[in-house]
Amino acid sequence: MQAVARPISVRLNAVIMTVLDDSPRVLTVPGSTTGDAKPPVLPFGPLDPDHDRTLELGMRRIIKEQVGIDVGYVEQLYTFGDRTRDREERIIAIAYLALTRPTDGFSWVDCYSLFPWEDYRRTTPEMVDGTISPILQAWAGGAEALNERAGVTFGIGGLPRDPALVLERYELLYETGLVKERERDFGEDPDGIHLGVPMALDHRRMVATALGRLRGKLSYRPVVFELLPEEFTLSQLQQLVEALSGVRLHTSNFRRLVDRAGLVEGTGRQQPARVGRPAELFEFRREVIRERPAPGLR
């Protein structure tokens, strides 16, 4: 007997990110899963083929309906369509990255609770050397290609670590069973170790894609200014870049980099200080977008 094909539907997902309390955060909505534990859920909904003139307008409609805010910067991230997304129908999910300034009254989930192996601002996360590295070595089993993949992805074995490889690190942990989603999708739990907070469906994979994209763009697009107030101090700018990149920056070097990049200009005003000297306020130089094709913090 010929198998009945599952219906296909198109959904739009929004990865809305900000920086709050020195951590990148992603906006979530109440989940619809059953049981006591309800994993975080991204805003999402079906495409309305009759009324959504474009995919982006459909995504903005869903954000407005579910969250009640108008986002500014948006870009399409990726299309997700793995067979394990849903058991009843084949769902094609088109995800968008949106940036907004911090807003009270919403459920913001700390990205470093989702990906605790990504925050290197103080030191190398203990789980990288204590848990991830030995399990990846056992998984590789002496195979050169697999050891090289683990080393390049996580920066172990003396290899440099690329902060932008957030998705690649998550997918490697998924493949080796170190995140809860693997057990949920395939019923496999070889080590009984689940790192980070799981999300519904493949939403954590979407957030990993967004954070990696955002980290990569820091070097060639001025997206960081979408998350700052109109006027800011250089310390606020540095803390924001550190929060997104997950690495600590040398203050003097960072300020020389900002100066050479020509991304900001002084306003002539100062931020009142509770202690010590007041800090100068700066604003983003929008002219830099016309001056060169890839303005960023290289």
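Each residue takes its place number in the sequence, starting with 1.
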Side-chain polar contacts of residues 259-266 - donor-acceptor pairs under 3.5 angstrom, sequence neighbours left out - could you list them?
none

> Backbone N or O of Val71 within a donor-acceptor pair of the Arg60 side chain at under 3.5 Å?
Replying inline: yes
> How far does OG of Ser23 sit from CZ of Arg121, to the nearest 0.5 angstrom?
Replying inline: 4.5 Å
>> Less than 4.5 Å apart, side chain to side chain, heavy atoms only: is that true for Gln236 and Thr233?
In response: yes
> How would you list all residue pairs meeting salt bridge (Lys or Arg N to Asp or Glu O under 4.0 Å) that involve residues 104-117, not counting sequence neighbours?
Replying inline: none
> Please walk me through it: do Ile132 and Phe154 pass side chain to side chain contact (heavy atoms under 4.5 Å, CB included)?
Replying inline: CA-CA 9 Å; Ile132 295 174; Phe154 271 92; 3.9 Å; yes
>> Quick check: closest heavy atoms across Val74 and Met59, and the distance to 0.1 Å?
In response: CG1-CE, 3.7 Å
> Between Met206 and Asp202, is a side chain to side chain contact (heavy atoms under 4.5 Å, CB included) present by the stated rule, with each step listed?
Replying inline: CA-CA 7 Å; Met206 293 181 184; Asp202 51 1; 3.6 Å; yes
> When you look at Met199 and Leu114, which way does the side chain to side chain contact (heavy atoms under 4.5 Å, CB included) test go after all the steps?
Replying inline: CA-CA 8 Å; Met199 297 188 73; Leu114 303 174; 3.8 Å; yes
>> Treating Thr103 as the side-chain partner and Arg101 as the backbone partner, does any N or O pair qualify as donor plus acceptor under 3.5 Å?
In response: yes
If you look only at distance, which donor and acceptor atoms sit under 3.5 Å apart when one is on a side chain in residues 91-99 and the other is two or more places apart or in another chain?
{"residue": "Tyr96", "atom": "OH", "partner": "Glu56", "partner atom": "N", "Å": "3.4"}
{"residue": "Tyr96", "atom": "OH", "partner": "Gln76", "partner atom": "NE2", "Å": "3.0"}

> Do Thr123 and Arg248 pass the side chain to side chain donor-acceptor pair (under 3.5 Å) test, and can you show the C-alpha distance, the side-chain angles, and the key distance before you say yes or no?
Replying inline: CA-CA 9 Å; Thr123 185; Arg248 186 68 68 194; over 6 Å; no
>> Rounded at 0.5 Å granularity, tell me how far CD in Glu280 sits from CD in Glu231.
In response: 10.5 Å
> With sequence neighbours left out, what residues match Pro43 under side-chain contact (heavy atoms from CB on, under 4.5 Å)?
Replying inline: Ala14, Ile16, Leu27, Val29, Gln66, Val67
> So if you build clusters from Ile, Leu, Val, Met, Phe, Trp, Tyr with side-chain heavy-atom gaps below 4.5 Å, do Val15 and Leu240 land together?
Replying inline: yes
> Can you name the closest pair of heavy atoms from Ala210 and Met17 and give their distance?
Replying inline: CB-SD, 3.9 Å
> Between Glu181 and Arg184, does a salt bridge (charged side-chain N to carboxylate O under 4.0 Å, His left out) hold up when you go through it step by step?
Replying inline: CA-CA 5 Å; Glu181 287 87 338; Arg184 180 198 64 200; 5.0 Å; no
>> Give me each pair satisfying salt bridge (Lys or Arg N to Asp or Glu O under 4.0 Å) with a member in residues 205-222, each pair once, sequence neighbours excluded.
In response: Glu75-Arg213, Glu75-Lys217, Asp82-Arg205, Glu118-Arg215, Glu171-Arg205
>> Between Asp48 and Asp50 (side chain of the first, backbone of the second, donor and acceptor by atom type, cut-off under 3.5 Å), is there such a pair?
In response: yes
> Distance-only, no hydrogens or angles: does the His194 side chain make a donor-acceptor pair with backbone N or O of Val179 under 3.5 Å?
Replying inline: no
>> Show every ring pair (Phe, Tyr, Trp, His ring centres under 6.0 Å) that has at least one partner inside residues 219-251, sequence neighbours left out.
In response: Phe225-Phe232, Phe225-Phe284
> Salt-bridged, Glu283 to Arg269, with N to O below 4.0 Å?
Replying inline: no
> Going through the checks in order, is the side chain to side chain contact (heavy atoms under 4.5 Å, CB included) test met by Gln238 and Thr251?
Replying inline: CA-CA 8 Å; Gln238 180 176 340; Thr251 299; 3.3 Å; yes
> With no hydrogens and no angle check, is any side-chain donor or acceptor of Thr267 less than 3.5 Å from a backbone partner on Leu281?
Replying inline: yes
> Are a donor atom and an acceptor atom from the side chains of Thr18 and Thr100 found within less than 3.5 Å of each other?
Replying inline: no
>> When you compare the side chain of Trp117 with that of Leu173, does any pair of heavy atoms fall below 4.5 Å?
In response: yes
